[in-house]
Chemist: 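The structure is given below, and queries will be raised subsequently.
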Protein chains: 2
Amino acid sequence: MAPRTDVAARSALTRRRVLQAAVDLADREGLPALTMRRLAQDLDVEAMSLYHHVANKEAVLDGVVEVVVGEIVGAVAGVGPDAAVDWRGALRARILTARRVLLRHPWAPAVIETRTAMNAEVIGYFDGLLGILRAGGFSYDLAHHAMHALGSRALGFTRELFAPADPETGGEEAMAMLEQLADVYPHLAGMLADTAHRDDGVLGWCDDQAEFEFALDLLLDGLDRRLARG
Amino acid sequence: MAPRTDVAARSALTRRRVLQAAVDLADREGLPALTMRRLAQDLDVEAMSLYHHVANKEAVLDGVVEVVVGEIVGAVAGVGPDAAVDWRGALRARILTARRVLLRHPWAPAVIETRTAMNAEVIGYFDGLLGILRAGGFSYDLAHHAMHALGSRALGFTRELFAPADPETGGEEAMAMLEQLADVYPHLAGMLADTAHRDDGVLGWCDDQAEFEFALDLLLDGLDRRLARG
DNA sequence: CGGGCCTCCTTACGCTGTACGGGTCGCTCC
DNA sequence: GGAGCGACCCGTACAGCGTAAGGAGGCCCG
């Protein structure tokens, strides 16, 4: 077999490149496609070669979170009002920006929730959020509670329970089932009936962005009141 | 090899028994231990035999969620005040009861979040919650928003981002790192310093139950205000 | 009593992450 | 300048995973 033609051209293989390739792969083909062999293939390399730049697959997952959160940190820099004047607006803007980034990486929330240790990017992001709250007059204690209350929302996502199966069929059959079982599930059936004649109809009824903002504002309201109360 | 000694004695193998064994296994040895082979072994059977009672592993996971939520539904029956008098107390009691059940199955939240379709138990549970809100005077629309805002909290859990590695070492090193990087992460370092001299010290500083209730009450407050506002 | 069905077992395949050992390059130092 | 060395990469192999395919035994119904 031909000897390696040009070492330098490809030997740019580095931790950074591995992680970026992992993110790209997940973006293109979904999280299940992110295997060590497939990742290596994308980098034109054998699977075992990856282990010279990352300890194991866990480290890869840690790394992709680092990359994605890094993207967020880059995106939120300088957006939104001055925290000292309007902490609430500043926080809101930052979180919605984070959400916009995560919408480009739909698989990322699932990975983030499996992580156990923070990395520098994440710590930096949270430090920034904390800074906003402090500038707004929060005590450390209340700020701490606030971060817990926001939870994953602070990073711009909420994992929906029992998410949409597939956009078309899923809703229809659930709807039909509920109609038949209207006496067993009266309130759900009622809600469905109520919502049905309001907007377009089937389960386009859940506007993720609207629900996210509703819940976020609910929390911000609550925090504002706790803050005012002292 | 000896012919089967007593078919009847073990042939109680049934979907229910399989799912219950799966729950028990996960309780005892954690989610990673829940493999088809290991599960079969616990039931004194070969792996492939399971496939006569469940379609595949996904169906097993669907099933264990069904079992756990069934446990919740059983536990919440009849607890809390009358919803027509005190929707908020009723909702709160129900959710905290659900949480108590889930604390017995620490692996369950992770499984629930991977599910894509609801089962009858889950639908029934949410119908009950909806009933409480309706009795409290919520419009279908506001109730719908409320369920989304509660999210997984409605089932009694919140997945903490970057959960505790292990109780002892994890906190210490994070603490030391933060102290060293006090100029890079001023707010986190400040919060840590503030909290440190308040209670016992290291990262027993996050009381999960207290944080859960804080966030829950924040949301209930907000919903109450939205309700009053009409 | 005979056929079919329901259960269960056996075997095997493709996939995963990764341990281990060897080969090849470029740099450094005598 | 050549010998050593460390960084990088490859090939092979293994255990474990979910599960497809086919065969064997006991049960019920005709």
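Basis for what follows: all heavy atoms, side chains included, without hydrogens, waters or symmetry-related copies. To find a chain, count down the sequence lines: A is the first, B the second, and so on, and within it residues start at 1.
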Chemist: Distance check needed: dC20(C) C1' versus Y51(A) OH, whole Å only.
Modeler: 13 Å

Chemist: Return whichever of M48(A) or T35(A) has its heavy-atom-nearest nucleotide of DNA chain C closer to the 5' end.
Modeler: T35(A)

Chemist: Parallel under 30°, tilted from 30 to 60°, perpendicular over 60°: which one fits the rings of H145(A) and F214(B)?
Modeler: parallel

Chemist: If I take atom CD in residue E46(A) and atom C1' in nucleotide dC10(D), what distance separates them, rounded to the nearest angstrom?
Modeler: 6 Å

Chemist: Test of understanding: with side chain to side chain contact (heavy atoms under 4.5 Å, CB included), list the residues that count as partners of V67(A), not counting sequence neighbours.
Modeler: R16(A), L19(A), Q20(A), V23(A)

Chemist: Can you tell me how far P of dC15(C) sits from CD of Q41(A), to the nearest Å?
Modeler: 12 Å

Chemist: Find the distance D44(A):CG to dC10(D):C1' and express it as a whole number of Å.
Modeler: 13 Å

Chemist: Does dT7(C) have its OP1 or OP2 closer than 4.0 Å to a side-chain nitrogen or oxygen of S49(B)?
Modeler: no

Chemist: Once ring pair (Phe, Tyr, Trp, His ring centres under 6.0 Å) is applied, do any residues pair with H148(B), and if so which ones, sequence neighbours excluded?
Modeler: H144(B)

Chemist: Separation of L50(B) atom CG from dA20(D) atom P, in whole Å?
Modeler: 14 Å

Chemist: Judged by each residue's nearest nucleotide on DNA chain D, which is more toward the 5′ side, N56(B) or H52(B)?
Modeler: N56(B)

Chemist: Take K57(B) and H53(A), find for each the nucleotide of DNA chain D with the closest heavy atom, and name the residue whose nucleotide sits nearer the 5' end.
Modeler: H53(A)

Chemist: Can you measure M36(A) atom CE to dG11(D) atom C1' for me and round it to whole angstrom units?
Modeler: 16 Å

Chemist: Between the side-chain atoms of R37(B) and the base atoms of dG16(D), is any donor-acceptor pair under 3.5 Å?
Modeler: no

Chemist: How many Å lie between CZ on R17(A) and P on dC8(D), as a whole number?
Modeler: 14 Å

Chemist: Rounded to whole Å, please give me the gap between CG in L39(B) and C1' in dT19(D).
Modeler: 14 Å

Chemist: Could you check W107(B) against D27(B) for side chain to side chain contact (heavy atoms under 4.5 Å, CB included), going step by step and ending with a plain yes or no?
Modeler: CA-CA 8 Å; W107(B) 47 269; D27(B) 283 344; 2.7 Å; yes

